[in-house]
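This report refers to the structure that appears directly beneath it.
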Amino acid sequence: MVDYIIVGQGLAGSTLALRMLEQGERFIVFDEPVSNRSSAIAAGLFNPITGKLMTRTWMADKIFPELHRFYTCAEKALGHRFFYPQPIYRPFLSVAEQNEWMWKSVDPALRDYVLEAFTQSKYGNQVYDPFGGIALRQCGYLDVVSFLHHVRGHLLSTQSFVAERFEETQLEIKSHGVLYKNIEAGKIIFCNGTALNQSTIIGGVPIRCLKGETLVIETEETMELIYNRGVYMVPMHEKNRYKVGATYESKLLAPEVTEAGGVELRQKLDELLKVPYRVISQDWGLRPTTPDRKPILGRHPVSENVIIFNGLGTKGVSLAPYFSSQLLDWLNGKIEMQPEVNINRFKSLFSKSTGLV
Ligand SMILES: Cc1cc2nc3c(=O)[nH]c(=O)nc-3n(C[C@H](O)[C@H](O)[C@H](O)COP(=O)(O)OP(=O)(O)OC[C@H]3O[C@@H](n4cnc5c(N)ncnc54)[C@H](O)[C@@H]3O)c2cc1C
């Protein structure tokens with residue numbers, strides 16, 4: 001008998017499992033890698049100032065301190081390094097943008113995230129930045145593959161992991177809990193990303209796939225910091241290798257890399273990078289996004305024992321630590337769920353798809 005079955009060990013399942021271990025919950029995680037697992041593809045970037053308009057990302061003041069705290073503690077608990085806070089440099093494209101940032105960098109809403117604004121080329125030896133650029137702080141990247149690998153190792157060592165596909169047809173939902181094969185649990189938590197869309201019992205959750213493609217490149221010299229303009233270049237484990245991304249495609253979702261994706265990324269990279277490079281490989285993944293770009297947490301109407309933690313979209317690295325904590329506190333009756341992320345906001349969809357609610 002366990003308190004929880006967790007389905008999926010991407011960023012959602014991993015952060016939740018670490019929190020459960022910390023709080024002494026009894027749980028078991030099922031994960032079988034599938035080709036579209038979003039977390040394994042992610043460059044792992046976190047950046048509080050995002051979008052074309054470069055605004056402060058939603059809830060940054062709460063989410064960013066928490067992600068720094070969480071991954072630093074996780075490194076200590078797991079005894080490995082995978083969290084790399086470091087500045088991101090974004091070249092300006094024009095004098096107008098440069099002027100705009102001179103104001104923005106002293107704006108109280110943004111100044112905590114601005115390291116320095118440069119009105120002249122600063123990294124012109126590596127990238128095109130004739131108008132200068134902005135160096136942002138509280139940014140960096142998580143080596144997601146390494147993080148997931150070490151979480152999995154830790155879960156295996158605590159007998160809380162099963163490397164096996166979870167077969168929904170074998171799940172029995174009962175009034176007092178759930179039964180899966182011979183495992184009894186109080187609740188089941190689906191952290192299965194875009195795979196939730198294939199479920200025949202957990203309907204109506206509006207997870208929309210947003211395909212992304214990335215390149216792995218090798219450069220002739222080491223980048224001084226993370227560059228991000230049109231595309232990002234995030235360091236990888238091997239010297240002078242970088243993950244370059246990403247594309248955003250909501251319609252053409254074929255499970256493969258595309259020539260168009262590769263061309264788009266190389267074009268954008270050529271506009272940013274001066275240093276010679278060669279492409280090593282190309283990859284793809286599906287991000288689990290939602291109509292309002294906010295995560296989806298809470299009790300599915302099929303049963304009070306079926307819980308959803310999904311919809312991390314394009315920002316799983318920064319959202320997962322904060323919202324895994326919120327989900328667990330809510331499960332333990334300590335807090336109310338924040339309405340903006342509560343699954344109940346999609347009530348009308350459930351009634352259409354399941355006849356429930
Ligand atoms: C190209 C690309 C680049 C990205 N870059 C970034 C970035 O730089 N920064 C950032 O914050 N985010 C980035 N993201 C988004 C990020 O990857 C997602 O927000 C996050 O990974 C979602 O995590 P998840 O745990 O919800 O889903 P997933 O990572 O998809 O995890 C779901 C897990 O469930 C498992 N699973 C599914 N069905 C079953 C089953 N039946 N049985 C057992 N296991 C099952 C899968 O194997 C998988 O491990 C990127 C995404 C893509 C595609």
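First listed ligand is number 1; within each ligand, the first listed atom is number 1. Computed from a prediction, not measured in an experiment: that's the story for all the values here.
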Inset, instruction - Would you indicate which of V317, D31, L142 comes nearest to atom 33 (C) of ligand 1 when only heavy atoms are counted? - result: D31

Legend entry - Residue L45 vicinity, atoms of ligand 1 by number, heavy atom under 4.0 Å: 7 (C), 8 (O), 9 (N), 10 (C), 11 (O)

Legend entry - Partners meeting ring pair (Phe, Tyr, Trp, His ring centres under 6.0 Å) with Y248 (sequence neighbours left out): none

Inset, instruction - Would you please classify the geometry between the F30 ring and the Y180 ring as parallel, tilted or perpendicular, with 30° and 60° separating the classes? - result: perpendicular

Inset, instruction - In plain terms, say whether D61 and R56 are close enough for a salt bridge, that is, a side-chain N and a carboxylate O under 4.0 Å apart. - result: yes

Inset, instruction - Say whether G44 and ligand 1 are in contact under the criterion: heavy-atom distance to a ligand atom below 4.0 Å. - result: yes

Inset, instruction - Decide whether an N or O pair under 3.5 Å exists between S38 and ligand 1. - result: yes

Legend entry - Those atoms of ligand 1 less than 4.0 Å from some heavy atom in G285: 53 (C)

Legend entry - Within-cut-off N or O pair, N310 and ligand 1, under 3.5 Å: no

Legend entry - Contacting atoms of ligand 1, where contact means under 4.0 angstrom from a heavy atom of I41: 1 (C)

Legend entry - Test: R345 and D292 ion pair at under 4.0 Å: yes

Legend entry - Under 4.0 Å to a heavy atom of G193 - the qualifying atoms of ligand 1, by number: 27 (O), 32 (C)

Inset, instruction - Provide the number and element of each atom of ligand 1 under 4.0 Å from a heavy atom of G212. - result: 1 (C)

Inset, instruction - Any chance you could lay out the ring-ring contact (aromatic ring centres under 6.0 Å, His included) test for Y141 and Y71, step after step, and finish with the verdict? - result: CA-CA 11 Å; Y141 68 98; Y71 292 119; over 10 Å; no

Inset, instruction - Check whether any N or O atom of F166, backbone or side chain, sits under 3.5 Å from an N or O atom of ligand 1, and answer yes or no. - result: yes

Inset, instruction - Using a 4.0 Å heavy-atom cut-off, say whether C191 meets ligand 1 through its side chain, its backbone, both or neither. - result: backbone

Inset, instruction - Please determine if E32 has a nitrogen or oxygen closer than 3.5 Å to a nitrogen or oxygen of ligand 1. - result: yes

Inset, instruction - Please work out whether the ring planes of H150 and H80 are parallel, tilted or perpendicular, with thresholds of 30° and 60°. - result: parallel

Inset, instruction - May I ask you to check whether A246 has an N/O atom sitting below 3.5 Å from an N/O atom of ligand 1? - result: no

Inset, instruction - Answer whether the closest heavy-atom distance between the side chains of W101 and D107 falls below 4.5 Å. - result: no

Legend entry - Residue portion contacting ligand 1 (non-hydrogen atoms closer than 4.0 Å) for T314: backbone

Inset, instruction - For H154, check ring pair (Phe, Tyr, Trp, His ring centres under 6.0 Å) against everything at least two apart and list the hits. - result: none

Inset, instruction - Using a strict 4.0 Å threshold on nitrogen-to-oxygen distance, state whether R165 and E167 make a salt bridge. - result: yes

Inset, instruction - Walk me through it: do K268 and E213 pass the test salt bridge (charged side-chain N to carboxylate O under 4.0 Å, His left out)? - result: CA-CA 13 Å; K268 288 183 173 166; E213 293 187 54; over 6 Å; no

Inset, instruction - Of the side chain and backbone of T214, name the one, both, or neither that has a heavy atom under 4.0 Å from an atom of ligand 1. - result: side chain

Inset, instruction - For the pair R152 and E32, find out whether any cationic side-chain nitrogen is under 4.0 Å from an anionic carboxylate oxygen. - result: no

Legend entry - Nitrogen or oxygen atoms of L11 and ligand 1 under 3.5 Å apart: yes

Inset, instruction - May I ask you to identify, for A195, whether its side chain, its backbone, both or neither come under 4.0 Å of ligand 1 on a heavy-atom basis? - result: side chain

Legend entry - ligand 1 contact by Y232, heavy-atom criterion under 4.0 angstrom: yes

Inset, instruction - Check whether the ring centres of Y322 and W58 lie less than 6.0 Å apart, and answer yes or no. - result: no

Inset, instruction - For A42, take its heavy atoms, then give the atoms of ligand 1 lying under 4.0 Å from any of them. - result: 3 (C), 4 (C), 5 (N), 6 (C), 13 (C), 14 (N), 17 (O), 50 (C)

Inset, instruction - Indicate yes or no: does an N/O atom of F309 lie under 3.5 Å from an N/O atom of ligand 1? - result: no

Legend entry - Heavy-atom proximity to atom 26 (O) of ligand 1, best of G8, A12, S318: A12

Legend entry - Ligand-residue contact atoms, ligand 1 with G313, heavy atoms, under 4.0 Å: 15 (C), 16 (C), 18 (C), 19 (O)

Legend entry - Geometric class of the Y123/F118 ring pair [parallel <30°, tilted 30-60°, perpendicular >60°]: perpendicular

Legend entry - S39, G316, S14: member with heavy atom nearest to atom 23 (O) of ligand 1: S39

